Amino acid sequence: MPINVNMDKARVIQMNNIRAIRDRELAAKDITFMRAVEDGDTGAQATIKTEKQNLRDIPQTFDITTGVDTPEKLKNKWPDGLPKE
């Protein structure tokens with residue numbers, strides 16, 4: 001008998017996994033941003049600010065539903081540029 005997976009719940013779990021990695025990346029960027037502030041590197045500050053905003057936008061912009069109809073496909077659906085662990 002095949003196992004039924006509640007894909008709605010699985011999507012919530014996967015997005016929570018994505019958020020956890022995203023949050024870790026945001027914290028790391030906070031450190032590099034502060035170093036750029038200390039160094040007076042406004043170019044690096046602007047770049048990091050944009051990168052952080054892109055990370056913050058992932059929950060609103062990343063489509064976790066299109067083309068995802070199996071748990072395997074869901075597990076492999078991951079935002080570009082975000083490390084997968």
Side-chain angles (χ1 to χ4, degrees):
M1 177 175 215
I3 297 173
N4 265 342
V5 174
N6 183 325
M7 288 301 291
D8 290 334
K9 287 184 180 180
R11 284 185 184 95
V12 169
I13 292 168
Q14 180 69 344
M15 187 53 80
N16 287 338
N17 292 337
I18 290 169
R19 281 187 178 101
I21 301 299
R22 184 239 10 218
D23 291 349
R24 187 188 73 204
E25 291 298 304
L26 278 169
K29 292 208 178 285
D30 285 343
I31 294 168
T32 57
F33 184 81
M34 290 309 299
R35 287 185 182 140
V37 168
E38 290 171 356
D39 294 340
D41 188 344
T42 56
Q45 291 173 42
T47 299
I48 296 165
K49 180 180 175 184
T50 300
E51 292 170 348
K52 287 175 64 174
Q53 188 59 53
N54 290 338
L55 288 169
R56 283 189 205 100
D57 290 344
I58 287 173
Q60 292 79 30
T61 60
F62 183 65
D63 179 10
I64 200 163
T65 59
T66 303
V68 179
D69 55 0
T70 67
E72 293 77 22
K73 288 180 183 177
L74 180 60
K75 186 176 181 180
N76 290 321
K77 185 89 173 191
W78 199 261
D80 291 334
L82 190 65
K84 189 173 182 180
E85 291 189 348

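None of the values given here were measured: they were computed from a predicted structure. As a basis for the values below, the full set of heavy atoms in this structure was taken, side chains included, without hydrogen atoms, waters or symmetry mates.
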- Decide yes or no for Asn76 and Lys84: does some side-chain heavy atom of the first lie under 4.5 Å from some side-chain heavy atom of the second? yes
- When rounded to the nearest 0.5 Å, the distance separating NZ of Lys52 from OG1 of Thr32 is 8.0 Å
- Query: Do other residues, nucleotides or ligands put more than 12 heavy atoms under 6.0 Å from the NZ atom of Lys9?
  - Reply: no
- Message: Distance check, rounded to the nearest 0.5 Å: Ile58 atom CD1 versus Gln60 atom CD?
- Response: 10.0 Å
- Item | Atom CZ of Arg24: over 12 foreign heavy atoms under 6.0 Å | yes
- Just do the side chain to side chain contact (heavy atoms under 4.5 Å, CB included) check on Gln53 and Arg56 with the steps written out, would you? CA-CA 5 Å; Gln53 188 59 53; Arg56 283 189 205 100; 3.4 Å; yes
- Task: Answer yes or no: is there a side-chain heavy-atom contact under 4.5 Å between Ile18 and Ile64?
- Result: yes
- Pairwise side-chain contact, Arg11 with Met7, heavy-atom cut-off 4.5 Å (strictly under): yes
- Message: Can you confirm whether Ile21 sits close enough to Trp78 that some side-chain heavy atom of one is under 4.5 Å from a side-chain heavy atom of the other?
- Response: yes
- Query: Transitively linked via ILVMFWY side-chain contacts under 4.5 Å: Met15 with Leu26?
  - Reply: yes
- Message: Less than 4.0 angstrom from a charged side-chain N to a carboxylate O is my criterion; do Asp69 and Lys73 meet it?
- Response: yes
- Pro79 and Arg22, any side-chain heavy atoms less than 4.5 Å apart: no
- Item | Cluster check Ile13, Leu74: I/L/V/M/F/W/Y, side chain < 4.5 angstrom | no
- Query: Would you call Arg35 and Ile31 a side-chain contact if the rule is heavy atoms closer than 4.5 Å?
  - Reply: yes
- Message: Using only atom types and a distance under 3.5 Å, with no angle test, would you say the side chain of Gln14 pairs donor to acceptor with the backbone of Lys77?
- Response: yes
- Task: Kindly indicate whether the side chain of Leu82, heavy atoms from C-beta on, has any atom under 4.5 Å from the side chain of Leu55.
- Result: yes
- Distance-only donor-acceptor check, side chains Gln45 and Asp41, under 3.5 Å: no
- About how many Å separate CZ of Phe62 and CG of Asp80, when rounded to the nearest 0.5 Å? 8.0 Å
